[in-house]
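The structure appears right after this line, and notes come after that.
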Amino acid sequence: MNHRRKGSAWLPVTLLLVVLLPLIIMPIVAIFVFAARGGVSGFLNTLAEPDVQFALRFSLLIALATALVNLVLGTFAAYVLTKYSFRGREMLTILVSLPVAMPRVVVGTSLLLLWGPIGLIGRALDPLGLQPMFAPFGIVLAHLFVTLPYMVSSVRPVLEELEDTYEEAAYTMGAGRWKTFLHVILPALKGGLFSGSLLTFAHSLGEFGATIMVSGNLRLRTQTAPLYIFAQFEAGNIEAANAVAALLATISFVLFFVLLRLTGSRRRLA
Amino acid sequence: MSIALVDLTKRYDHLVVLSRLTLEIEEGELFVLLGGSGSGKTTVLRIIAGLILPDEGRVELGGRDVTWLPPQQRDVGFVFQNYALFRHMTVADNVEFGLRLRKIRPPERRARRDELLELVGLSGLGDRLPHQLSGGQQQRVALARALAYRPKVLLLDEPFGALDVKIRGQLRESLKGVQHKLRVTTVLVTHDQEEAFELGDRIGVIERGWLVESGAPEELYLRPKTEFAATFVGGGNVVVGKAEHGHIRLGTTELPMPAAAPAHPEGANVRVLFRPESVLVSPDPWPEDAHVHCLGEGTVGPRVFAGSVQRLRLRVPGLSGSRALRPRPRYGEAETIIEAARPTVETDRGTFEEGSQVWVGLETYHVLNPAGLKLLVLSTHPSGEDAPAEQGVRLAHAVHCPGTLLSVLGEPQHASPARAALDALRHRWPEAHAPQLDVRVRVGHPAKEVLEEIQQAHSELVVAGRSSDGGIGSMARAILQDLKIPVMLVGEPRHAFRSLLICTAAGEPGKSDIRFAGRLAVRLGAKVTVLHVPREEDPAVRARAERHLEASRATLEALGVTVTTAIGTPPAVERILAVARAEDHDLIVIGAPAPRDPAQVRGQDLASRIVLGADRPVLIVPMTD
């Protein structure tokens, strides 16, 4: 039980608002204000441009692909890390969550050093005509690297909460490991999987640091929406940048509120 | 489908949780495994289900060896303590799960599901999710789910543990009904003796991985064989008397030895069990023809009114000299106290007030199987001179106790000469008088094998040689600290144990060493000297020492041991060794060093120094209270 102070709250609340205003609230408002400056038609015209269309579609596709691969990979990682005991489990657990702490640019650099044309593996692939970097594959790779911890940390607590007897009950009734996973464990993970996928999707959609390293920022080929915003800003094309920024912000808000509702209702259930 | 468990042993690291457990459960029987927490009862259940594998032994279901089969292929139903219902599935889907896996067709599946829900009284609740049900209802679903696919064996792990008392009663009845109707072979695990009595066709009492005793509930209550079973199921008085010309001597009274009682040699200890409700209390003596075994007059001690019965504690001076095992006498208490439970009757009012004089008698009593002090005698040099093992065998002979004579070898090929040497040791006595020692040879690392044998055989006293440097040695230290089992270290052997010197120094005399040495002295018929050496000379310390010595004297005399007490002057080690030599005691008894005693690390604690300096056997007793 946390004891909330009653008494008069207006002073500290006002102070907090004063701090948050320039920090969070005003910047968000600014996006929409600038986006709306050209009027609705200007906004729509910008979004109809082929560059914008490509960047938005490309970003959504990459985010979708990342979320789908992560769904399998992250669940598998979480399952192995919770249900098996082996030497080095602690180490592996730390390793899986390490990307959260790594600067994104460093993530991009490390991938380039491995898969790039002069990289450790990339050097061998180059003569075969395979170039994973500066291509959608490389971007998905970078996004997986960055988002895996979010997936694992959404699924792991749910898995840990499932008592061993849950699986054992299925075994005694005649279900093998795979059937148990499919019919008993997976359905119980539904909530965790959904919020993990949403988190992955949202992070992938907004990823910038690693993406700019591995994508090459090629127009109509590897330019994601955040990269487009950056490129337009640099070129002084502020209105185009703003329109896309406003759209990205809106998508993020929607995802965020869905997530909030989801975790809120789960907490109420528990 | 019958269940046979043969010699099951399970270890976690080096902790033995099940030791050589053998049990047969008949077709259609409801068998209850009753034990406290950590007794290994759940382990047995999980091994039957195949959720864990035993390290040794065999599991047979219906004559088929399933020891190495995975749980999926055993066809058992398991009800878990926490029910483990699948929370995303409805009640109906939970019950149908096992049927779906067996590819039963939908109409048949639904019919079976409805049949089972009706059987457990949950018809119409099939659409609910588990979290919408009460605890008792969830338990019923778990039972229905486990029975749906007609398993050959039903296993229940503390199925009512999480429910309140009233619902527990209802569910017990309904479980009994279901089991009778389906006649499925069932094993239920519980710590609740009332539950065991109510449900079990037979009950097995399990303790520290050891199946102590099993039998029908009434048999187990009225005619148990062991003290553990006797006192674990229901309260009871266990008093130790002596066998004398076909009678049992209890203090100044005598009870006839029942014809069905196990054989006791003349003069041997006899443990007599009588339940509180068979203790009769009356203001007047009983007439000759009343079929009451009168224990004499007594005084009513503290009384507890518990509704339908009142529990009395009675002091019966006539029983003094016979030791009570239960209720366990308080340390320092010489008087024998027994417990009685009398029905509350209006006319008896005032009769059983505390302090009133009453006559105490027994309606019935029962004689337990003779107990032994389980010995483990270690042989270090099976081929050559082996004074410690010889001394151990002699001790086993003197105390008439069962035990094991063990030799641990590094190489398996020396096993048969080692066994022959051990046999020869044992057979120095004519067969009829030979000590009851099993000969065992184990191969492996000595300390590891010895620790494991102690746990498996439930040894209560280990006899071993000193370590090569003449000290306690790491193996004995491990036995004392990890297993809390007393160790007798033999340097120069003694021909017989006629007098024991119990030494206490610096601080309180240990209660566990006094009690254990007393037990040994009773069996050996030895006299005891308790020697206390305080750390310093000081009148206050001396007064405290005298009080401690009085308490230990009372405890020992209550066991029937002749006691002398003495206070020595420091230094402790030199004083103890000098007294042992001067009075020529056969055994020095000393408490084990505290595990965190810094002196122990340097081998400078009292026990270590006495073992190093003594020219006779030393018994080290770990502190357990």
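Here is how names work: the chains are called A, B, and so on, in the same order as the sequence lines, proteins then strands, and each is numbered from 1.
- No more than 12 heavy atoms of other residues, nucleotides or ligands shown are found within 6.0 angstrom of CH2 on A/W10.
- Counting heavy atoms of neighbouring residues, nucleotides and ligands inside a 6.0 Å radius, atom CZ of A/F32 exceeds 12 of them.
- Applying the ring-ring contact (aromatic ring centres under 6.0 Å, His included) criterion to B/F80, with sequence neighbours excluded, gives B/F78.
- When heavy atoms are compared at a cutoff of 4.5 Å, B/L99 does not approach chain A at all.
- Using non-hydrogen atoms only and a strict 4.5 Å limit, the part of residues 30-58 of chain B facing chain A consists of B/R46, B/A49, B/L51.
- Contact count versus chain A (heavy atoms, under 4.5 Å) is highest, among B/G98, B/A142, B/G77, B/A84, for B/A84.
- Heavy-atom contacts from other residues, nucleotides or ligands closer than 6.0 Å to CD of B/E24 number 12 or fewer.
- The interface of residues 110-123 of chain B with chain A, defined by heavy-atom distances below 4.5 Å, is empty.
- For B/Y149, the part sitting under 4.5 Å from any heavy atom of chain A is the side chain, from C-beta outward, and nothing else.
- Of all the listed residues (B/R145, B/M89, B/R87), the one sharing the greatest number of non-hydrogen pairs under 4.5 Å with chain A is B/R87.
- Within residues 163-188 of chain A, the residues having any heavy atom less than 4.5 Å from a heavy atom of chain B are, in residue-number order, A/E163, A/T165, A/Y166, A/E168, A/A169, A/A170, A/Y171, A/T172, A/M173, A/G174, A/A175, A/G176, A/R177, A/K179, A/H183, A/V184, A/P187, A/A188.
- Residue contact with chain A, scored on non-hydrogen atoms closer than 4.5 Å, is absent for B/R74.
- Around CG of B/D164, the count of heavy atoms belonging to other residues, nucleotides or ligands within 6.0 Å exceeds 12.
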